Amino acid sequence: MALKRMIVELGMGTDLTGADYTKAAVRALKDALWHNSLTIAAALGQKPQDMHVRVLIGVPKPEKVDKEAVAAVLPYGTSTVEVVEGGLEIMNDEGTNLTLMANAAAIVYLDIAERN
């Protein structure tokens with residue numbers, strides 16, 4: 001298999017009041033995906049299901065993200081989800097409420113045979 005990187009899509013998601021890391025991560029991935037219509041697979045004679053998508057999520061506390069919930073956002077293809085330290089936590093002035101920001105990258109690969 002010769003997987004080649006074809007596309008990188010970027011997104012940002014927030015949870016404004018609940019500090020729900022998974023919710024912010026899901027919103028970030030949706031932001032990356034929902035503004036695009038990928039036609040590259042068809043242009044190369046492949047199906048959307050042939051895509052391999054590597055999802056990178058950046059949040060301050062990676063262990064709080066449900067990777068399966070993030071992967072469930074993808075409409076087709078196979079996926080891996082990696083959560084790394086990143087994003088932002090913004091505490092309100094009273095110290096009683098946290099706004100959370102997550103970043104996402106969806107990196108799309110296709111199996112493309114090498115040509116000489």
Side-chain angles (χ1 to χ4, degrees):
M1 187 182 308
L3 289 178
K4 295 290 184 182
R5 181 187 296 206
M6 308 304 287
I7 297 164
V8 177
E9 301 176 50
L10 305 172
M12 189 269 300
T14 62
D15 185 13
L16 298 176
T17 59
D20 185 321
Y21 285 75
T22 298
K23 184 185 286 186
V26 163
R27 288 176 174 170
L29 182 55
K30 285 182 177 182
D31 183 53
L33 298 176
W34 277 212
H35 296 112
N36 297 289
S37 177
L38 300 181
T39 59
I40 193 162
L44 296 172
Q46 297 190 34
K47 300 176 195 155
Q49 294 82 356
D50 296 330
M51 291 182 187
H52 299 268
V53 184
R54 178 177 175 225
V55 177
L56 295 175
I57 299 291
V59 292
K61 296 177 183 161
E63 69 280 1
K64 292 191 171 193
V65 174
D66 179 347
K67 293 179 186 181
E68 290 181 15
V70 173
V73 170
L74 297 170
Y76 39 70
T78 59
S79 66
T80 59
V81 176
E82 180 183 354
V83 185
V84 299
E85 196 168 323
L88 286 173
E89 288 180 334
I90 306 161
M91 186 62 69
N92 70 356
D93 290 341
E94 295 77 28
T96 58
N97 194 19
L98 184 70
T99 295
L100 175 66
M101 182 170 37
N103 299 103
I107 306 164
V108 179
Y109 296 85
L110 287 170
D111 185 6
I112 305 295
E114 292 287 330
R115 296 181 187 195
N116 296 337

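Nothing fancy with the numbering, it's 1 onward along the sequence. Heavy-atom basis, side chains included; hydrogens, waters and symmetry copies ignored. Only a predicted model underlies this, so the values are computations on that prediction, with no experimental measurement involved.
- Here Thr80 pairs with nothing under the side chain to side chain donor-acceptor pair (under 3.5 Å) rule; sequence neighbours left out.
- Residue pairs that meet the salt bridge (Lys or Arg N to Asp or Glu O under 4.0 Å) test with at least one member in residues 5-20, sequence neighbours left out, do not exist here.
- Considering CD1 of Ile90 and CG of Leu88, their distance stands at 5.0 Å, rounded to 0.5 Å.
- Considering only residues two or more places apart in sequence or on other chains, Asn92 meets the side chain to side chain donor-acceptor pair (under 3.5 Å) condition with Glu94, Thr96.
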Only distances under 3.5 Å count here; give the side-chain donor-acceptor pairs of residues 63-71 to other protein atoms, sequence neighbours excluded, each with its distance to 0.1 Å.
unit_1, atom_1, unit_2, atom_2, d
Asp66, OD1, Glu68, N, 3.0
Asp66, OD1, Ala69, N, 3.2

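- The same ILVMFWY cluster, assembled from side-chain heavy atoms under 4.5 Å apart, contains both Ile7 and Tyr76.
- Put simply, CG on Asn103 and CD1 on Ile57 are 8.5 Å apart, with the number rounded to the nearest 0.5 Å.
- With sequence neighbours left out, Met91 forms a side chain to side chain contact (heavy atoms under 4.5 Å, CB included) with Leu98.
- Placement of Tyr21 and Leu16 in two distinct hydrophobic clusters is found when ILVMFWY residues are connected by side-chain heavy-atom separations under 4.5 Å, directly or transitively.
- Taking hydrophobic clusters as Ile, Leu, Val, Met, Phe, Trp and Tyr residues chained together by side-chain heavy-atom distances below 4.5 Å, Val26 does not share a cluster with Val84.
- Ala28 and Ala102 get closest at one heavy-atom pair: CB-O, 3.6 Å.
- Side chain of Asp111 to main chain of Ala2: a donor-acceptor pair is present (N/O by atom type, distance under 3.5 Å, no hydrogens or angles).
- Nearest approach of Ala32 to Gly11, heavy atoms of both residues: CB-N, 3.6 Å.
- Partners of Leu44 by side chain to side chain contact (heavy atoms under 4.5 Å, CB included), not counting sequence neighbours, listed by chain and number: Met6, Ile40, Leu110, Ile112.
- Here the closest heavy-atom approach between residue Val83 and residue Val59 is recorded as CG1-CG2, 3.8 Å.
- A salt bridge (Lys or Arg N to Asp or Glu O under 4.0 Å) check over residues 44-53, counting only residues at least two apart or in different chains, returns nothing.
- Considering only residues two or more places apart in sequence or on other chains, Leu74 meets the side chain to side chain contact (heavy atoms under 4.5 Å, CB included) condition with Leu29, Leu33, Val53, Val55, Ser79.
- Applying the salt bridge (Lys or Arg N to Asp or Glu O under 4.0 Å) definition to pairs two or more places apart or across chains, none involves residues 21-46.
- Sorted by first and then second residue, the salt bridge (Lys or Arg N to Asp or Glu O under 4.0 Å) pairs with a member in residues 77-92 read Arg54-Glu82, Lys61-Glu89; sequence neighbours excluded.
- With sequence neighbours excluded, the residues satisfying side chain to side chain contact (heavy atoms under 4.5 Å, CB included) with Thr78 are His52.
- Side-chain heavy atoms closer than 4.5 Å link hydrophobic residues (I, L, V, M, F, W, Y) into clusters, and following such links, even through other members, never connects Leu10 to Met101.
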